[in-house]
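Owing to the predicted nature of the structure, the values given are computational and were not obtained by experimental measurement. The figures here come from the full heavy-atom set of this structure, side chains too, leaving out hydrogens, waters and symmetry mates.
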Amino acid sequence: TSTTTTFAGDEKSLIILCHGLLGNMNNLCYGELARALCGHGSIFRFDFSGEGPLSQGNFEYGNYVKQVSELHSVITYWQGQGYTIRAIVGHSKGANIVLMYHSFYPPFVSSHGNDDSDRDEDNKNHEVSTSIPLVVAISGRFHLSQSPSNRFTERQQQLLREEGKFLWKKLSWFMRDGGDGGSGSGDDGSVKCRTVVRPCWVTQRSIDMRAHINMPRLLREQVNHASS
């Protein structure tokens, strides 16, 4: 997965930015947002798997739970580096991911699981706090039971009914060779370029996975937990 970090001096606080559907860490205004926020701590941006030109894996339409897990891996990694996560910020699908986070990883979940009954004192000392003081959701979608009516064409919907999947889009990026860390130049000093293409297939299973996410219930549970 491709990542970038904007460090703010020696301060050990971090803000994590999460992109939306069909997005990546460099599109829209994420670079500008990172620069604007770096006065409040270091900024970490990353591509969810299957999205962006350099990330591993295949695109998945309804993989919200998987992306929440990936966000958790990012959070626990930086906590392991001694950073305090000050905020998680998400746009569009990323907004849903950050809102879902505490439903799947409630504050002060042990790294050994949710069941405290068989944990000894040594294990209790290995708890990782997943409590995030600030969650910022920008243009998230409240109801996920149905996709927007204009998102898929009639032909795509027909293919979904008949074949169970369809090719939604092909995303492409024109990149200098070495965009993953190489020089991008030939021996004669010429710039070498390549096109990265990522097909975005939508399956009935992925649509069903998305439809089964009950955002109103998840948010109510979080509010009730916070007030208890």
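- A 6.0 Å sphere centred on NZ of Lys66 holds more than 12 heavy atoms belonging to other residues, nucleotides or ligands.
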Working note: Ser69 + Tyr105, criterion side-chain contact (heavy atoms from CB on, under 4.5 Å); need CA distance, chi angles, decisive distance, verdict. CA-CA 9 Å; Ser69 176; Tyr105 299 97; 3.9 Å; yes

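- Between Phe48 and Phe46, the ring-plane angle classifies as perpendicular under the 30° and 60° cut-offs.
- Aromatic rings from Phe59 and Trp201 are positioned such that their centres are separated by 6.0 Å or more.
- Considering all non-hydrogen atoms of both residues, Ser172 and Val197 come closest at CB-CG2, 4.2 Å.
- When all heavy atoms of Ser13 and Gly41 are compared, the closest pair comes out as OG-CA, 3.6 Å.
- Judged by distance alone, the side chain of His212 and the main-chain N or O of Ile207 form no donor-acceptor pair under 3.5 Å.
- By the rule that hydrophobic residues join a cluster once side-chain heavy atoms approach within less than 4.5 Å of another member, Tyr77 and Ile16 end up as members of one cluster.
- At least one side-chain heavy atom of Leu22 sits less than 4.5 Å from a side-chain heavy atom of Trp168.
- Heavy-atom neighbours of Gln146 CD from other residues, nucleotides or ligands within 6.0 Å: at or below the threshold of 12.
- Under the 3.5 Å distance criterion, with hydrogens and angles disregarded, a donor-acceptor pair is assigned to the side chains of Glu51 and Gln67.
- Scanning for side-chain contact (heavy atoms from CB on, under 4.5 Å) contacts around Asn214 gives Pro216, Arg217, with sequence neighbours left out.
- Counting heavy atoms from C-beta outward, His102 and Ile132 have side chains that approach closer than 4.5 Å.
- Of the possible donor and acceptor atoms, one in the side chain of Arg210 sits under 3.5 Å from a partner among the backbone N and O of Leu144.
- The backbone N or O of Arg141 sits less than 3.5 Å from a side-chain atom of Asn96, completing a donor-acceptor pair.
- Taken to the nearest 0.5 Å, the CG atom of Leu17 stands 11.0 Å off from the CD1 atom of Ile88.
- Atom CD of Glu162 has more than 12 heavy atoms from other residues, nucleotides or ligands within 6.0 Å.
- Counting only heavy atoms from C-beta outward, the side chains of His40 and Arg86 approach each other to under 4.5 Å.
- Ser92 has its side chain out of reach of Ile138: every pair of non-hydrogen atoms, C-beta onward, lies at least 4.5 Å apart.
- Within 6.0 Å of CZ in Arg151 there are more than 12 heavy atoms belonging to other residues, nucleotides or ligands.
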Under the side-chain contact (heavy atoms from CB on, under 4.5 Å) criterion, do Val65 and Phe104 qualify, and how do the steps go? CA-CA 8 Å; Val65 175; Phe104 288 84; 3.8 Å; yes

Go through the steps for Ser206 and Glu60 under the test side chain to side chain donor-acceptor pair (under 3.5 Å), then give the verdict. CA-CA 7 Å; Ser206 67; Glu60 295 180 68; over 6 Å; no

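- The heavy-atom pair separating Asn63 from Lys93 by the smallest distance is OD1-NZ, 2.6 Å.
- Proximity of Gln79 to Ile85: side-chain heavy atoms (C-beta onward) are separated by under 4.5 Å at one or more points.
- Tyr30 is not connected to Val136 by any chain of hydrophobic side-chain contacts under 4.5 Å among Ile, Leu, Val, Met, Phe, Trp and Tyr, and they are in different clusters.
- Both Leu21 and Trp173 are part of a single hydrophobic cluster, where members link through side-chain heavy atoms under 4.5 Å apart.
- The two atoms that bring Asp47 and Met25 nearest to each other are OD1-N, 2.6 Å, heavy atoms only.
- Residues Ala211 and Ser145 come closest through the heavy atom pair CB-O, 3.5 Å.
- The salt bridge (Lys or Arg N to Asp or Glu O under 4.0 Å) contacts involving residues 29-39 comprise Glu32-Arg35, where partners must be two or more places apart or lie in separate chains.
- With rounding to the nearest 0.5 angstrom, the CZ atom of Arg220 is 11.0 Å from the OG atom of Ser103.
- Between Met175 and Pro53 the shortest heavy-atom distance is SD-CB, 3.5 Å.
- Hydrophobic clustering keeps Leu37 apart from Ile75 (ILVMFWY residues linked when any side-chain heavy atoms are closer than 4.5 Å, directly or through intermediates).
- Leu71 is listed as a side-chain neighbour of Cys18, based on a closest heavy-atom distance under 4.5 Å.
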Hey, mind stepping through Ile15 and Phe44 against side-chain contact (heavy atoms from CB on, under 4.5 Å) and telling me if it holds? CA-CA 6 Å; Ile15 299 171; Phe44 181 74; over 6 Å; no

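- Taking hydrophobic clusters as Ile, Leu, Val, Met, Phe, Trp and Tyr residues chained together by side-chain heavy-atom distances below 4.5 Å, Val74 shares a cluster with Ile97.
- Side-chain N or O atoms of Gln156 include one that pairs as donor or acceptor with a backbone N or O of Thr153 at under 3.5 Å.
- Glu221 has its side chain within reach of Leu218: a pair of non-hydrogen atoms, C-beta onward, lies under 4.5 Å apart.
- The distance between the ring centers of Phe166 and Phe152 falls below 6.0 angstrom.
- A 4.5 Å side-chain heavy-atom check between Tyr64 and Met100 finds at least one atom pair inside the cut-off.
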Derivation and outcome, side-chain contact (heavy atoms from CB on, under 4.5 Å), residues Lys170 and Arg198: CA-CA 6 Å; Lys170 279 188 178 181; Arg198 185 178 295 279; over 6 Å; no

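- Using bins of under 30°, 30° to 60° and over 60° for the plane-to-plane angle, the ring pair Tyr101/His72 lands in the tilted bin.
- Side chains of Ser49 and Gln56: no donor on one and acceptor on the other come within 3.5 Å.
- A distance of 10.0 Å separates SG of Cys200 from CG of Asn58, quoted to the nearest 0.5 Å.
- Dense packing is recorded around CG of Asn27, with more than 12 heavy atoms of other residues, nucleotides or ligands lying under 6.0 Å away.
- Annotation: the span from Gln158 atom CD to Glu163 atom CD amounts to 9.0 Å, rounded to 0.5 Å.
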